[in-house]
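Since the model is a prediction, treat every value here as computed from it, not as a measurement. Indexing begins at 1, ligand by ligand and atom by atom, following the structure's order.
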Amino acid sequence: MVRKGKVPTVAYFCMEFGLHPDFPIYSGGLGVLAGDYLKAAADEGYPVVGVGILWRKGYTAQYINDQGYPDDRVPEFNNFSFLKDTGVKVRVTIKGQPVTCKVWMVDHFQNAPLYLLDADLPENQEPWLTHFLYRGSGDDRIAQEIILGVGGVRALRALGIAVDIYHFNEGHAVLAGIELIREKMAAGLSFDQALNATRQQIVFTTHTPVPAGNEAHHHGALVYVGAYNGLAYEQMKRIGGDPFNMTVAGLRLATLTNAVSQLHGETAQAMWHQVTDASSIIAITNGVHQKTWQAPNIARAANDWEHLIEAHQANKQHLLAVIQQRTGQVLNPDALLIGFARRAATYKRGDLILRNRDELIPLLESGRIQLVFSGKAHPQDEGGKNMVAKIVALAKAFPGKVVFLENYDMALGQILTRGCDIWLNNPQRPLEASGTSGMKAGMNGVLNFSTLDGWWVEGCRHGVNGWQFGDGYTGPNQDQHDLTALYHVLKNEILPTYEQDKAKWARMMQASIATCTQRFSSRRLINDYYERLYLPLVTAEQKIS
Ligand SMILES: *Cc1c(COP(=O)(O)O)cnc(C)c1O
């Protein structure tokens, strides 16, 4: 650990934070990573603050309609009793109009302080701008990014927090970099001087390798909404290109960028190598917060295999009770329970296991396997919604064997990653940047069964702490290749171990818990961030000055 000299203060910007199921200002993995990071910062005593937005109506709540198709409704939550009023308000300009943002502080979840901007004030013309996360038009998104980036920097100034490093978690926050440049130009620096000085203060985490996930905006829209913030077209183009790509801007504003797994490091370097004047990309693999995700009974029982099996069965019974309560379905506690829960994005191939009915149906009918699914699609993602509908239809055809749980969220994520026997993951390689639900499962002795993508490339010891399938194949017909491999490993390795060798299963659970708690925790993550991302910047700065 690095504690010598001055420990730099970091402001961590993110569009979403998943701190607790009852505080749903997150959508998925990005927010959960940010929440876990703030908790690890508090645990380890690092001087970190988070900067985000108070999404008063959250993301979206999913329900399955009478036609078996997923639909969205507004989530219900309005208990903000844990929010602390900082008394600070800041102002940004959106479409030529002043927008006032109130700044709240949250430290209720044993997390480093999180400052949240809130535009839902009577004096604002568009108080709904901070209502819904990831909804609305492209212009709304730019406005929200002005609030996060420009408003976020202004909030830090008004609060009197002296920041050494600005960490942009994903490209949504890059307008904070534009504000840092504007400040320096207002103090008399040229654009080039201001850009160079700003770079010394910024690190960036890039996430998805899915091209559509890397947001870009037309300059006309940026000008209309007010994202230039005093800069000129040529200057903005130098940073983000034309159209203005948020990831490219992050790469050019940062001194150092990290990808979120070792494989993603290679993918991201190849994906962005044509970007001129970009920071280098290193790889720091994600991690999850052990106290949040590991069941206390598993932590206590990990050293004794019989107790471990008992603890796991208790967690499985809890999941089965939740399934019964929510769906009326009664599952068998003694048959293998396969879990699959994640954002319903098509590259994650949530329906892969369903695509070979000749293999699937006998395993279901004989009662040897049971499947539990959960996952939300983005409200505008038809492909993702169709995939959910397909799973729902299968659940209808196989009651008591296949279930779909509506409205995947952190609460359900916790119950599922504790209570399944194995955790299936089959993203199309190499599109899963890291994945973190498998780390949560692994910490609970729920064995990972996954294609070699994201973190599992590093974590997997096949047959020791979980299983891989597909051998990292990326050629033509990846779906068919992986599907064949999936059933091969399931039938020849997983089921025989589960049904005939409980002692080996328990040893694998122990190995899985050891791997994930040691190498894939947010404690390791934040220590890596300090050593490899933050301290190199401070050291470089000292050499210059
Ligand atoms: C952990 C978590 C995720 C991220 O999991 P992936 O494996 O990256 O898909 C998404 N949503 C929720 C609710 C989670 O708890």
- Item | Lys/Arg N to Asp/Glu carboxylate O, Arg523 vs Glu44, below 4.0 Å | yes
- Task: Compute the minimum heavy-atom distance from Gln414 to ligand 1 and say whether it is under 4.0 Å.
- Result: no
- Message: Regarding Asn426 and Lys348, do their side chains bring together a donor and an acceptor under 3.5 Å, going by distance alone?
- Response: no
- Message: When you measure from the centre of the six-membered ring of Phe80, is the NZ or CZ of Arg56 closer than 6.0 Å and no more than 45° off the axis?
- Response: yes
- Do other residues, nucleotides or ligands put more than 12 heavy atoms under 6.0 Å from the CD atom of Gln110? no
- Task: State if Met410 counts as touching ligand 1 under the rule of any non-hydrogen atom under 4.0 Å.
- Result: yes
- Task: Just let me know how Lys440 lines up against ligand 1, side chain, backbone, both or neither, with a heavy-atom cut-off below 4.0 Å.
- Result: side chain
- Logged contact type for Leu412 with ligand 1, heavy-atom cut-off 4.0 Å, is neither
- Message: Counting non-hydrogen protein atoms only, what is the nearest one to atom 13 (C) of ligand 1? Give residue, atom name and distance.
- Response: Asp409 C, 3.4 Å
- Item | Residues Ser521 and His289: side-chain donor-acceptor under 3.5 angstrom | no
- Query: Just checking, any donor-acceptor pair under 3.5 angstrom between side chains of Asn356 and Tyr487?
  - Reply: no
- Note on the structure: ligand 1 to Trp293, heavy atom cutoff 4.0 Å, flagged ligand atoms 15 (O)
- Task: For atom 8 (O) of ligand 1, find the nearest protein heavy atom and state the residue, atom name and distance (0.1 Å precision).
- Result: Thr436 N, 3.1 Å
- Residues Glu359, Lys491: salt bridge by 4.0 Å N-O rule: yes
- Of all protein heavy atoms, the one nearest atom 7 (O) of ligand 1 is Ser437 OG, 2.6 Å
- Crowding at NE2, His462 (>12 non-hydrogen neighbours, <6.0 Å): yes
- Item | atom 11 (N) of ligand 1 [closest protein heavy-atom partner, distance rounded to 0.1 Å] | Tyr408 CE2, 3.5 Å
- Message: Which of the numbered atoms in ligand 1 are under 4.0 angstrom from any heavy atom belonging to Gly29?
- Response: 3 (C), 4 (C), 10 (C)
- Tell me: protein heavy atom nearest atom 9 (O) of ligand 1, and distance? Lys348 NZ, 3.1 Å
- Task: Just let me know how Phe340 lines up against ligand 1, side chain, backbone, both or neither, with a heavy-atom cut-off below 4.0 Å.
- Result: neither
